[in-house]
Peer 1: 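Here it is, the structure in full.
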Amino acid sequence: MQQLDHVDLTALHSLVAVVDCGGFRAAARELFVSQAALTRRVAKLEAALGFQLLARGPAGARPTPDGAALLPAARRVLAAADEFVAATLTPDAWTLRLGVTPTVAGLVLARFMSEWMPDHPEVRIVSVEDGVVGLRARLADRECEMALINSPLPDFAQGRFVRTVTVRAFIPAGHELASSPAPLSVEALHGQPVMVNGRRFLNHTLFEAACRLAGCEPKIRYQSSSAETLVMLAAAGVGISVTGDVLHPELHDIVMRPVASADGAPLRFDLYLAWDSRRTQTPAARAFIDSYVTYLREERVSRANRHVPSRR
């Protein structure tokens, strides 16, 4: 074995990812890098060490005996590096980078944070804002410690279920489609002026896919990352807005209907608070997760109790 001047943590991370994913292609998707770049990283590590770490074959990649012997040490080095970074991030150890969609954050975090933040004055929260689809990539790229994303969770992540988000149509009062609060088939929106969030938002991705399967083509008039803006434009009579749940949609001049596919299946997705299980969590992240998981559990118990009929 050759003497190494330094340890390339990126190469070690790449090696572990290829082993865990069973091959370069899956690992490249997991790490959001090209397969060629991932191959070069591992090849460079093998050249530096002087022996082959992975055996490539039609079924994927598996560690050689030398690679298998090195793998536990590689995992320990990566874990120690994460722990070192977390321990030396003063004062950033108490800064939490939270990946959120602004509208969803208002729905599922505002009440909790209004109670939690006064009790944790040492924590500074920085929002990393994107659509749910974009937040998956930001979590993988370690741009945030945790994020509100849809299921299924990536292999590297752990999380807790938060709520189910429903795709809804917000329709101006007086519109022909505003006569009923029942689910609205995407077929009814063919040719209608529609306002949406855009492809980085899962509610739009689901809506677009359902329209494509049904062979219908709404007229996309406006696109915005703000669900509240879309709702207000619908209330002003500009058109029908299709977006996810919003915090306070109770407007006298608007009708809200859940959106369904042509075969009647509701368009919705499950939302999770997720974090990278490969990273050592900062004190701020640990405090937030522990408190929020407890909050969610108590909220579900309270909601269940409210629906239990009283005995007289």
Side-chain angles (χ1 to χ4, degrees), residues 99-110 127 129-138 147-152 162-272:
V100 296
T101 298
T103 301
V104 172
L107 273 172
V108 304
L109 288 178
S127 291
E129 298 183 352
D130 206 334
V132 171
V133 177
L135 288 173
R136 296 176 73 90
R138 290 180 181 268
L148 288 164
I149 62 175
N150 64 293
S151 61
V162 175
R163 64 169 291 168
T164 298
V165 177
T166 302
V167 180
R168 300 184 186 276
F170 296 85
I171 309 169
H175 191 284
E176 59 183 351
L177 296 178
S179 59
S180 168
L184 177 69
S185 171
V186 293
E187 294 175 306
L189 295 172
H190 179 73
Q192 293 283 348
V194 169
M195 298 167 288
V196 296
N197 285 128
R199 289 188 175 89
R200 292 184 71 82
F201 291 77
L202 187 56
N203 61 71
H204 177 67
T205 302
L206 294 173
F207 174 64
E208 186 177 53
C211 288
R212 187 165 54 249
L213 287 173
C216 61
E217 296 183 13
K219 295 179 180 177
I220 305 299
R221 297 289 308 279
Y222 186 77
Q223 181 175 308
S224 171
S225 61
S226 170
E228 288 80 6
T229 298
L230 298 180
V231 172
M232 294 304 295
L233 287 172
V238 175
I240 297 172
S241 289
V242 177
T243 186
D245 297 324
V246 296
L247 192 57
H248 296 298
E250 299 87 359
L251 300 174
H252 295 298
D253 45 2
I254 202 166
V255 173
M256 181 175 62
R257 300 181 64 177
V259 180
S261 63
D263 60 4
L267 303 187
R268 58 192 180 196
F269 59 91
D270 289 337
L271 191 70
Y272 281 73

Peer 1: Minimum heavy-atom separation for V259 and A169, please, with both atom names.
Peer 2: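 For V259 and A169, the tightest heavy-atom pair comes out as CG2-N, 3.5 Å.
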Peer 1: Looking only at non-hydrogen atoms, find the nearest pair between R257 and L184 and report the distance.
Peer 2: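 Shortest heavy-atom separation between R257 and L184 comes out as NH1-CD1, 3.6 Å.
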Peer 1: Counting N and O atoms only, with roles assigned by atom type, does the side chain of S185 sit under 3.5 Å from a partner on the main chain of A188, one being a donor and the other an acceptor?
Peer 2: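 It does not hold such a pair.
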Peer 1: With a 4.0 Å cut-off on N to O distance, would you call R163 and D245 a salt bridge?
Peer 2: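 Salt bridge present between R163 and D245.
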Peer 1: Can you find a heavy atom in the side chain of P218 that is under 4.5 Å from one in the side chain of C211?
Peer 2: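 Yes; the side chains approach each other to less than 4.5 Å.
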Peer 1: Applying side-chain hydrogen bond (donor to acceptor under 3.5 Å, both in side chains), run through E129 and T101 and close with a yes or a no.
Peer 2: CA-CA 5 Å; E129 298 183 352; T101 298; over 6 Å; no
Peer 1: For V165 and N203, run side chain to side chain contact (heavy atoms under 4.5 Å, CB included): C-alpha distance rounded to whole Å, both residues' side-chain angles, the deciding distance at 0.1 Å, then the answer.
Peer 2: CA-CA 9 Å; V165 177; N203 61 71; 5.9 Å; no
Peer 1: What heavy-atom pair brings A178 and P172 nearest, and what distance separates the two atoms?
Peer 2: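 Smallest heavy-atom distance, with atoms named: CB-O, 3.5 Å.
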Peer 1: Let's go through D270 and N150 carefully: what are the C-alpha distance in whole Å and the side-chain angles of both, what is the deciding distance for side-chain hydrogen bond (donor to acceptor under 3.5 Å, both in side chains) to 0.1 Å, and is it a yes or a no?
Peer 2: CA-CA 6 Å; D270 289 337; N150 64 293; over 6 Å; no
Peer 1: Can you check whether E217 reaches Q192 side chain to side chain, under 4.5 Å on heavy atoms?
Peer 2: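 Not in contact.
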Peer 1: Between V132 and F201, is there a side-chain heavy-atom distance shorter than 4.5 Å?
Peer 2: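 F201 vs V132: side chains apart.
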Peer 1: So I240 and L177, side chain to side chain contact (heavy atoms under 4.5 Å, CB included) or not? Walk me through it.
Peer 2: CA-CA 9 Å; I240 297 172; L177 296 178; 3.8 Å; yes
Peer 1: What is the minimum heavy-atom distance between T243 and A227, and which atoms define it?
Peer 2: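 Of all heavy-atom pairs spanning T243 and A227, the closest is OG1-CB, 3.4 Å.
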Peer 1: Determine whether V194 and Y222 make a side-chain contact, defined as any pair of heavy atoms from C-beta on separated by less than 4.5 Å.
Peer 2: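 Of all side-chain heavy-atom pairs linking Y222 with V194, none is under 4.5 Å.
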Peer 1: With F170, which of V255, V246, V242 fulfils side-chain contact (heavy atoms from CB on, under 4.5 Å)?
Peer 2: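 Between F170 and the candidates, side-chain contact (heavy atoms from CB on, under 4.5 Å) is satisfied uniquely by V246.
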Peer 1: Drop me the distance from L230's CG to S224's OG, to the nearest 0.5 angstrom.
Peer 2: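 One finds 5.0 Å between CG of L230 and OG of S224.
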Peer 1: In Å and rounded to the nearest 0.5 Å, what is the CZ to CG distance from R136 to L148?
Peer 2: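 That separation rounds to 12.5 Å.
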Peer 1: For F269, which residues count as a ring pair (Phe, Tyr, Trp, His ring centres under 6.0 Å) partner, sequence neighbours excluded?
Peer 2: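 If we apply the ring pair (Phe, Tyr, Trp, His ring centres under 6.0 Å) test to F269, skipping adjacent residues, there are no hits.
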Peer 1: If you round to the nearest 0.5 Å, how far is NE2 of H204 from CG of L267?
Peer 2: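 L267 atom CG to H204 atom NE2 measures 12.0 Å (nearest 0.5 Å).
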Peer 1: Mind listing the closest non-hydrogen atom pair of V100 and A105 along with its distance?
Peer 2: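 V100 and A105 have their closest heavy atoms at CB-CB, 3.9 Å.
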Peer 1: In the structure I gave you, are the side-chain heavy atoms of L271 and T164 within less than 4.5 Å of one another anywhere?
Peer 2: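 SC-SC contact between L271 and T164 ruled out.
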Peer 1: Could you tell me which non-hydrogen atom of S241 sits nearest to which non-hydrogen atom of M195, and how far apart they are?
Peer 2: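 Heavy atoms of S241 and M195 come nearest at OG-CE, 3.2 Å.
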